[in-house]
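Below is one structure, written out as structure tokens; the observations come after it.
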Amino acid sequence: MRLYEEGLIYRGDYIINWCPRCHTALSDLESEHEEVQGGLYYIRYPFKNGRGHLTVATTRPETMLGDTAVAINPEDPRYKDLADDTLVLPLLGRELPIIRDAYVSLEFGSGALKVTPAHDPHDFDLGRKHGLAAIRVMDDSGRINELGGTYAGLDRFEARKRVVADLEAQGLLEKHEVHLHAVGHCYRCKTMVEPILSQQWFVKVGPLAAEALQAVQEGRTRIVPEMWTNTYHEWMTNIRDWCISRQIWWGHRIPAWYCGCGEVIVSRTTPQACPKCGGAELKQETDVLDTWFSSALWPFSTMGWPDQTPELKKFYPTSCLVTGFDILFFWVARMMMMGIKFMDQVPFKDVCIHALVRDASGQKMSKSKGNVMDPLIIMDQYGTDAFRYTLAAFAAQGRDIKMSEERIAGYRNFVNKIWNAARFTLMNLQGDREAGAGLPPTLEDRWIISRVNRTAAEVAAAIDDYRFNDAASALYQFTWHEFCDWYLELVKAPLYNHDDPARQAAARRTLGEVFSRLLRLLHPFMPFVTEELWQRLPGAEGSVMLAEWPNGEPQEVDPQAEAQMELLMAVIGAVRNIRGEMGIAPGQALPVVLMSHEDSARQVLESQAPRLTALAKIASLDWAVEGEPPAQAASAAVAGVTVYVPLTGLVDFAAEVARLDKEIAKLEKEITPSRNKLANEGFLAKAPAEVVEKEKAKVAEIASKMERLAASRQRMRAFM
RNA sequence: AGGCACGUAGCUCAGGGGGAGAGCGCUACCCUGACACGGUAGAGGUCCCGGGUUCAAAUCCCGGCGUGCCUACCA
């Protein structure tokens with residue numbers, strides 16, 4: 001009503017997109033252009049004076065039945081001296097004036113354009129400009145009507161064939177070329193849209209769009225990822241009036257009444273009599289509003305508008321709308337227009353455009369194409385949580401998703417991993433998470449607490465930025481490769497040591513705490529399994545949905561513990577590498593000798609000897625005096641520490657030399673770019689000091705490793 | 001036709017000026033007391049091509065080639 005009163009809604013005769021199957025008008029958006037192979041027909045229109053003809057080109061010969069003129073470009077040299085200014089329309093014999101308009105392209109077709117104002121939007125404009133009649137020759141089902149002469153009653157495609165055949169028979173078809181062009185199709189039923197002259201209701205969107213555009217330009221509404229603002233801008237700038245009449249049976253009926261005297265009454269209440277003639281014979285408009293028009297009011301109409309309800313006050317404008325790009329115009333832009341118009345404020349602060357799931361070849365999934373992946377089947381197969389996690393992991397900004405079942409299976413495995421980690425955790429907690437306070441934390445305690453806090457901070461930051469894939473992968477990495485791979489293995493030692501119940505309890509405490517935080521962090525991505533496990537976690541109350549969200553406590557980040565763990569993991573990795581590369585059975589415990597000139601490293605490793613021994617499967621752990629390595633041993637170099645595995649008896653010296661060669665070659669490849677940089681004077685002069693320092697430290701570390709490995713290699717060679 | 005993306009391991013994809021990453025797949029070994037939907041170790045890359053900017057380019061700029069999407073009335 002308000003829009004009508006302000007002149008922003010009007011009724012008018014225009015060419016609209018008509019679906020001959022749905023029997024309704026469509027907006028420009030609902031007409032989807034699709035490339036089709038059509039024909040370009042060159043048809044001879046004879047001059048009235050009988051001397052020759054003018055050839056016009058058209059893709060839709062059947063519309064010639066509604067022609068009311070032929071247009072040429074006034075600049076066209078071919079048509080400078082025409083024999084006559086009047087043509088005779090073939091088949092029907094109607095006389096057609098030749099009009100001159102710069103709109104006609106000199107390059108396309110024959111340079112002569114047949115004008116059918118009732119069946120083409122541009123012809124309609126031309127018709128208005130030149131005062132031509134508009135003859136509508138088709139009915140609402142796409143059949144030729146009584147104005148189409150002998151073609152009356154034929155379907156539009158049938159009519160085309162007949163028209164072409166008849167023209168050919170009369171020698172009026174000059175030629176016929178194959179022609180690719182984009183043709184509108186009904187978004188609902190894919191029927192070819194027919195542009196038809198018709199009286200409909202329209203919204204004058206210009207002023208509304210200008211405001212909606214400005215809101216985004218001024219940042220009152222932010223579109224994420226930003227690249228979509230271009231698209232939004234483009235569309236808002238080139239927008240045409242919006243046809244909102246629909247001849248369908250669902251939707252809001254347009255509140256307009258027609259009186260026999262010709263008066264149109266638009267009213268909030270049902271009018272009793274015509275204000276002009278007093279007549280009581282009023283008929284309400286049968287058309288309904290486009291559903292997108294109605295739903296443009298959604299952000300406020302759902303909260304009691306036009307009343308100023310408490311809900312409306314509190315929740316408008318909303319914080320974030322999450323949607324797909326294909327809805328950006330249909331709905332988002334229109335909610336913006338209406339929100340600003342009626343609420344004086346944008347409907348949402350952020351619009352988050354998420355990725356669209358496409359099929360394996362990048363096609364948009366659609367039922368009619370038959371390339372849909374049924375989420376119910378997938379969830380049945382891999383689990384709802386796995387499916388949801390996959391979508392989150394794939395949801396990188398600005399990119400669509402080609403769904404891959406392998407990835408879903410990978411996340412199913414992840415869910416399973418968590419389930420098993422939970423079994424381990426719950427089994428060991430023995431119903432108690434509270435005991436064990438007071439003992440100083442072990443290295444693995446400090447480390448995992450530090451890591452879970454870093455992860456929490458990372459997840460929080462990622463979610464704030466709508467980088468759901470970053471959040472998902474941070475959690476995956478932490479859960480599997482830190483919590484499960486390292487922490488759970490390390491914590492087994494205190495957990496299984498019944499001789500030290502206090503330490504055992506302390507271990508339980510940390511385990512329970514970290515696992516509890518992990519469940520809370522995972523919950524948004526994996527709601528079902530985490531809730532199930534939460535219910536079994538001792539000390540957890542209520543639903544995990546309501547549990548406190550871990551944001552990451554900076555004071556619980558412990559860089560020293562992380563550095564020490566890094567050393568421990570490197571040494572364990574070195575022993576395992578030797579075991580794997582030398583083909584030593586996993587079950588065989590190995591003697592290990594360490595050598596280091598760094599007291600701090602030695603201290604850490606000595607204090608962690610039990611963990612080191614357990615995870616690297618070590619039979620005996622000894623320290624060598626510097627410069628006196630064990631004679632026959634495989635070796636590895638980590639930062640600050642050299643690792644020896646004496647292999648007397650079962651050692652294969654050639655294999656060890658080969659292993660060291662490979663390792664040295666790898667380091668060589670790593671060190672070269674850094675050495676080159678340091679040899680570059682420009683780098684030393686212009687690069688930031690910390691970058692130069694970093695390169696130097698890197699070169700020093702790798703060089704040290706290489707030296708130690710080379711020394712080992714030399715010793716091994718002596719035994720060959 | 002115009003616009004916007006994308007081209008990184010065999011496949012699916014992150015990253016985005018200073019040490020090439022993940023999942024799956026692959027190779028070898030292992031049913032180790034949470035987990036074989038698993039563990040340990042490993043192989044695998046001209047970051048599409050060509051220029052440019054820079055001390056430094058997979059990353060920024062320009063031009064190609066290829067792919068996808070969106071918009072569009074050339075009858």
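Residue numbers begin at 1 in each chain, while the letters A, B, ... track the order of the sequences.
Nucleic acid contact for His481(A): sugar-phosphate only, since backbone atoms but no base atoms lie under 4.0 Å from a heavy atom of the residue. Arg412(A) comes within contact range of at least one nucleobase, with a heavy-atom separation under 4.0 Å. Using a 4.0 Å heavy-atom distance criterion, Ala182(A) is classed as a base contact. Pro673(A) comes within contact range of no nucleotide atom at all, as no heavy-atom separation falls under 4.0 Å. Nucleic acid contact class of Val104(A) (heavy atoms, under 4.0 Å, all strands): base. Nucleic acid contact class of His119(A) (heavy atoms, under 4.0 Å, all strands): none. Using a 4.0 Å heavy-atom cutoff across all strands shown, Lys617(A) reaches no nucleic acid atom at all. Here Ala685(A) lies out of heavy-atom contact (under 4.0 Å) with every strand. Glu581(A) comes within 4.0 angstrom of the backbone, heavy atoms only, and of no base. At a threshold of 4.0 angstrom between heavy atoms, the contacts of Gly111(A) include nucleobase atoms, whether or not backbone atoms are also involved. When heavy atoms are screened at a 4.0 angstrom cut-off, Pro586(A) is found touching the sugar-phosphate backbone but no base atom.
Residues Glu489(A) and Lys666(A) both approach RNA chain B. Their nearest nucleotides, taken by heavy-atom distance, put Glu489(A) toward the 5′ side. Remark on RNA chain B: of its neighbouring residues Met427(A) and Glu681(A), the 5'-side contact belongs to Met427(A), judged by nearest-heavy-atom nucleotide.
The CG atom of Leu667(A) sits 16 Å away from the P atom of G19(B) (whole-angstrom rounding). When the P atom of G23(B) is taken as reference, atom CG of Asp485(A) falls 10 Å away, rounded to whole Å. Rounded to an integer number of Å, the gap from CZ of Phe394(A) to P of A14(B) is 8 Å. As rounded to whole Å, 9 Å separates atom P of G21(B) from atom CD of Glu670(A). As rounded to whole Å, 19 Å separates atom P of A34(B) from atom CZ of Phe414(A). Atom pair Tyr476(A):OH and C24(B):C1' shows a separation of 9 Å (rounding to whole Å applied). The distance between atom CG of Leu488(A) and atom C1' of U32(B), rounded to the nearest whole Å, is 15 Å. If you take CD of Glu405(A) and P of C11(B), they are 19 Å apart, rounded to a whole angstrom.
Considering only the side chain of Asn577(A), G42(B) comes nearest among G42(B), C69(B), C24(B). Minimum atom distance to the side chain of His33(A) is reached by C73(B), of the listed G33(B), C73(B), C74(B). Checking A34(B), C73(B), G19(B) against the side-chain heavy atoms of Lys417(A) singles out A34(B) as nearest. Nearest to the side-chain atoms of Glu695(A) among the listed nucleotides A75(B), C55(B), G19(B) stands G19(B). For Asp120(A), the listed nucleotide lying nearest its side chain is A75(B); candidates were A41(B), A75(B), C24(B). For Ser105(A), taking side-chain heavy atoms from C-beta onward, the closest of the listed nucleotides A41(B), C74(B), G18(B) is C74(B). Each of A75(B), A34(B), A14(B) was ranked by its minimum atom distance to the side chain of Asp470(A); first place goes to A14(B). Nearest nucleotide to the side chain of Asn416(A), out of A75(B), C35(B), G18(B): C35(B). Among the nucleotides A34(B), C55(B), G39(B), the one closest to the side chain of Phe683(A) is C55(B). With C4(B), G18(B), C55(B) as the choices, the nucleotide that has an atom nearest any side-chain atom of Asn230(A) turns out to be C4(B).
Residue Lys677(A) has a polar side-chain atom (N or O) positioned under 4.0 Å from OP1 or OP2 of G19(B). Note on Asn428(A): every side-chain N or O is 4.0 Å or more away from OP1 and OP2 of A34(B). In terms of phosphate contacts, Tyr411(A) brings no side-chain nitrogen or oxygen within less than 4.0 Å of OP1 or OP2 of U12(B). Dashed line: the shortest gap from a side-chain N or O of Trp480(A) to OP1 or OP2 of G39(B) is under 4.0 Å. For Lys662(A) and G42(B), the shortest distance from a side-chain N or O to OP1 or OP2 is not below 4.0 Å. For His179(A), a side-chain nitrogen or oxygen approaches OP1 or OP2 of A75(B) to under 4.0 Å.
In this structure, Arg508(A) is not positioned above the aromatic face of Phe424(A) in the sense of NZ or CZ being under 6.0 Å from the six-membered ring centre and within 45° of the axis. Arg611(A) forms no cation-pi arrangement with Trp486(A), by the criterion of a distance under 6.0 Å to the ring centre and an angle within 45° of the ring axis. A cation-pi geometry, defined here as NZ or CZ lying under 6.0 Å from the six-membered ring centre and within 45° of its normal, holds between Arg407(A) and Phe394(A).
In this structure, CD on Glu695(A) lies 6.0 Å from CG on Leu678(A), to the nearest 0.5 angstrom.
The one candidate from Lys662(A), Arg659(A), Arg576(A) that meets the side chain to side chain donor-acceptor pair (under 3.5 Å) condition with Glu581(A) is Lys662(A).
Under the Watson-Crick or G-U wobble criterion, with both distances below 3.5 Å, U12(B) is paired with A22(B). Look at U32(B): it lacks any Watson-Crick or wobble partner with both distances under 3.5 angstrom. The partner of A1(B), taking Watson-Crick or G-U wobble pairs whose two distances both stay under 3.5 Å, is U71(B). For U54(B), there is no paired base (Watson-Crick or G-U wobble, both distances below 3.5 Å).
If you look at Tyr41(A) and His176(A), their ring centroids are closer than 6.0 Å.
Residue Tyr382(A) places no side-chain atom within donor-acceptor reach of the base of C37(B), judged by atom type and a 3.5 Å distance cut-off alone. Applying the 3.5 Å distance criterion, the base of U12(B) shares a donor-acceptor pair with the side chain of Arg407(A).
Only the P atoms considered, G64(B) is 26 Å distant from A14(B), to the nearest whole Å. Straight-line distance between the P atoms of A41(B) and C4(B): roughly 47 Å, to the nearest whole Å. When the C1' atom is used for both G52(B) and G15(B), the distance is 24 Å, rounded to whole Å. The P atoms of C61(B) and A1(B) are separated by 25 Å, rounded to the nearest whole Å. A distance of about 34 Å separates the C1' atoms of U12(B) and U54(B), rounded to the whole Å. Spacing of C1' atoms, A72(B) relative to C60(B), comes out at 32 Å, to the nearest Å. Nucleotides G21(B) and U46(B), compared at atom P, are 15 Å apart to the nearest Å. When the C1' atom is used for both C31(B) and C47(B), the distance is 40 Å, rounded to whole Å.
Inter-residue side-chain proximity for His122(A) and Tyr103(A) is flagged as met; some heavy-atom pair is nearer than 4.5 Å. Side-chain contact between Val491(A) and Thr510(A) is absent, with no heavy-atom pair separated by less than 4.5 Å. Counting heavy atoms from C-beta on, the side chains of Glu693(A) and Lys696(A) come closer than 4.5 Å.
Closest approach of Glu30(A) to Ser27(A), counting heavy atoms only: OE1-N, 2.8 Å.
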